[in-house]
Asker: 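For reference, the structure I am asking about is given below.
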Amino acid sequence: MSAPAITPVFVRLKLSLLRNGLRQSGGRKAAYITSAVFALLFAALQLIGLIALRGHAHAESVVVLAVAVLGLGWAVMPLFFPSGDETLDPTRLVMLPLRPRPLVRALLTASLVGIGPLFTLCLLVGSVIAVARGGAAFAVGAVAVVLALLVCVALARAVAAANVRLLTSRKGRDLAVLSGLVIAIGAQIVNFGAQRLGASGLGELDPAAGVLQWVPPASAIGAVHAASEGAYGTAAAQLALSAGALVALLALWSRHLTRLMTSPDGSTLPSAESAAKERSSTGLARLLPAGRTGTVMDRSLRYVWRDPKTKAAWVTSLAIGLIVPVFNAWQGTGSVYFACFAAGMLGIQMYNQFGQDTSAFWMVAMTISSARDAYVELRARAYALLLITLPYATLVTVVTTAMLGDWRRLPEALGLSFALLGAMLATGAWTSARFPYSIPQEGYKNVAPGQTGLAWISIFGGMMAAALLCAPVIALTIWLNVSADGDDWTWLLLPAGTAYGAALSAAGLKLAAPRTARRLPEILAAVSKG
């Protein structure tokens, strides 16, 4: 008696997971429906745009690059969002008597159910319509759409299966913090590329498209263009590349599934040697001051390195703080004052200092019995932030100045950066005590439900206050730059801005300490909410 087919079972399982997930809460259902509507609307507009591109001289370059970027997105998405799809974890099936090949077929078919595959299908269909001319090209296009879609899905599954032990572990989830970095860099690259294309035209894409048309899944779309030109041998070779990539990915996926089904999970069990090394290593703690100050600094720096949410915020701030001034300087449209963006992005990390502790803040609260204790706690947290921010802001300012060649303005740019940093430390300490909010440990939300208003007041209100506090230094900078002999005195902005920032931060910590000591119960209740 033959075994029953498992593919329909897995398709129904995928549909059941989607349906049951939407039943968990009205908010989740609303979020899913909203995201689906926007994704499908964007897919429809994209399809119309690709169809409108038909007949353009550089249509092939546009669609080949679009499909290549799409394939890259399918490859990296499991690494950045490992919890986005429950079916990405095949280890949940290890107790079932399933063979790898039927399991691969079933999972591949089930993977075609969802918004992502439908979005990909729309883009592929639009790409084929944009470049296909003649019946033979459309016939090749029908095969190309299927091959490219299967390659994208198989690529995501193979990557997820190869890294599933890591992605489902606690440390593996830290990979998601890179999403902020990739998004930040990607946005600036897209911005830079759009400006270049606007100035030079779509012909700039031809060299890159000439290479990527031989890389699956973009090679499948390249085959459609080749068939339109009558180069049937080239079209066959490009289709063969996509088919070969699909076979290789399925084989790789099957191999990893076999290993996952038959080998124990030791990814989260550190060796005795590494554990002993971690216990014996004191690292940076040996260089920090003694007493409470050093202890608090060490704890804050460990949060930056170990806590996923804190690490994500720091990685994003470090990336954007460097990318914005450097990319603008690279394009020749920047200013040395853009370097202040680095100090501003990192200064945000001073806001909601107690929220990153979540419910563990009660251990800190037990050690605070006076305004003096609160002052030392806040000062040590500010020192830990300065340990990273001061050299980083200086480095970004020097790099930006070097790229622009405007060394005369380096002292005033540094002075403004240090004044802004001091102002944000001051307002961040005060808003941490006045408007604390909880940061959920699970999921991708950075604010607990019901506390969004507190977060907005804390961050954006504090930033506006910091900008107002920096007004004297900004006014002095403007006055020295517009006055007749002011250029000879702009170097004074570096010591003046540094001293002003230090005075602001000291005053902010002094004002925030008594409020922190008085409001410990309220702060504990607020940060423990999530």
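Please read all numbers here as calculations on a predicted model, not as lab measurements.
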Asker: Where do S127 and L50 come nearest, in terms of heavy atoms and distance?
Answerer: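 Minimum heavy-atom separation between S127 and L50: N-CD1, 3.7 Å.
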Asker: Find the distance between CD (Q46) and SG (C122) and round it off to the nearest 0.5 Å.
Answerer: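 Answer for the CD-SG pair, Q46 versus C122, is 8.5 Å.
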Asker: Step by step, work out the side chain to side chain contact (heavy atoms under 4.5 Å, CB included) result for T516 and F354.
Answerer: CA-CA 10 Å; T516 301; F354 308 125; 3.7 Å; yes
Asker: Counting only heavy atoms from other residues, nucleotides and ligands, does the tally under 6.0 Å from CH2 of W456 exceed 12?
Answerer: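 Count not over threshold, so no.
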Asker: Should S317 and Q349 count as side-chain neighbours, where that means a heavy-atom distance under 4.5 Å?
Answerer: yes
Asker: Give the minimum heavy-atom separation between L504 and A419, together with the two atoms involved.
Answerer: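 Smallest interatomic distance, heavy atoms only, reads CD1-O, 4.4 Å.
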Asker: Can a side-chain donor-acceptor contact be found between T367 and R292 if the only test is distance below 3.5 angstrom?
Answerer: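 Yes, a side-chain donor-acceptor pair sits under 3.5 Å.
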Asker: Considering all heavy atoms of both residues, which atom of L346 and which atom of L385 are nearest to each other, and what is their separation?
Answerer: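 In this case the closest contact between L346 and L385 is O-CD1, 3.8 Å.
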Asker: May I have the step-by-step check of side chain to side chain contact (heavy atoms under 4.5 Å, CB included) for I459 and F435, ending in yes or no?
Answerer: CA-CA 9 Å; I459 297 176; F435 304 108; over 6 Å; no
Asker: Count the heavy atoms of every other residue, nucleotide or ligand shown that sit under 6.0 Å from CH2 of W362, and state whether that count exceeds 12.
Answerer: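 Incorrect, the count does not exceed 12.
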Asker: List the atom of V64, the atom of A218, and the distance in Å for their closest heavy-atom pair.
Answerer: O-CB, 3.6 Å
Asker: As an exercise, state the distance from CH2 of W489 to CG of L476, rounded to the nearest 0.5 Å.
Answerer: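 Between atom CH2 of W489 and atom CG of L476 there are 12.5 Å.
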Asker: What's the separation between atom CD1 in I320 and atom CD1 in I348, rounded to the nearest 0.5 Å?
Answerer: 8.5 Å
Asker: Do D357 and Y303 have side chains that approach each other closer than 4.5 Å (heavy atoms only, starting at C-beta)?
Answerer: yes
Asker: Where do S505 and L425 come nearest, in terms of heavy atoms and distance?
Answerer: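 The pair with the smallest heavy-atom distance is CB-CB, 4.0 Å.
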Asker: Got a second to check how far T401's OG1 is from L414's CG, nearest 0.5 Å?
Answerer: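 Going from OG1 on T401 over to CG on L414, the span is 7.0 Å.
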Asker: Test side chain to side chain contact (heavy atoms under 4.5 Å, CB included) on V376 and R379 and set out the steps.
Answerer: CA-CA 5 Å; V376 175; R379 185 186 62 183; 4.2 Å; yes
Asker: At what distance, to the nearest 0.5 angstrom, does OG of S438 lie from CZ of F361?
Answerer: 12.5 Å
Asker: Is the shortest heavy-atom distance from the side chain of Y337 to the side chain of T477 under 4.5 Å?
Answerer: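 Side chain of Y337 against side chain of T477, heavy atoms only: contact under 4.5 Å found.
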Asker: Mind running side chain to side chain contact (heavy atoms under 4.5 Å, CB included) on W305 and T310 for me, showing each step along the way?
Answerer: CA-CA 8 Å; W305 181 249; T310 306; over 6 Å; no
Asker: Between the side chains of E377 and R299, is the shortest nitrogen-to-carboxylate-oxygen separation below 4.0 Å, so that they form an ion pair?
Answerer: yes
Asker: Can E412 and R409 be said to form a salt bridge (Lys or Arg N to Asp or Glu O under 4.0 Å), step by step?
Answerer: CA-CA 6 Å; E412 55 191 276; R409 299 194 184 278; 3.6 Å; yes
Asker: Can you give me the closest heavy-atom contact between G428 and S432, atom names plus distance?
Answerer: O-OG, 2.7 Å
Asker: With rounding to the nearest 0.5 Å, note down the distance linking OG1 in T389 to CE in M345.
Answerer: 11.5 Å
Asker: Quick one, N352 and T431 - any side-chain contact, counting heavy atoms below 4.5 Å?
Answerer: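 Result no, sub-4.5 Å side-chain heavy-atom pair not found.
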Asker: When you compare the side chain of C470 with that of L416, does any pair of heavy atoms fall below 4.5 Å?
Answerer: no
Asker: Is the shortest side-chain heavy-atom distance between R381 and Q353 below 4.5 Å?
Answerer: yes
Asker: Got L249 and W253 here, is their nearest side-chain heavy-atom distance under 4.5 Å?
Answerer: no
Asker: Do W74 and T120 have a side chain donor and acceptor closer than 3.5 Å?
Answerer: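 Side-chain D/A pair, W74 to T120: present.
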Asker: Between Y351 and T427, is any side-chain donor less than 3.5 angstrom from a side-chain acceptor?
Answerer: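 Distance-only check passes for Y351 and T427.
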Asker: Compare all side-chain heavy atoms of V527 with those of I439 and state whether any distance is below 4.5 angstrom.
Answerer: no
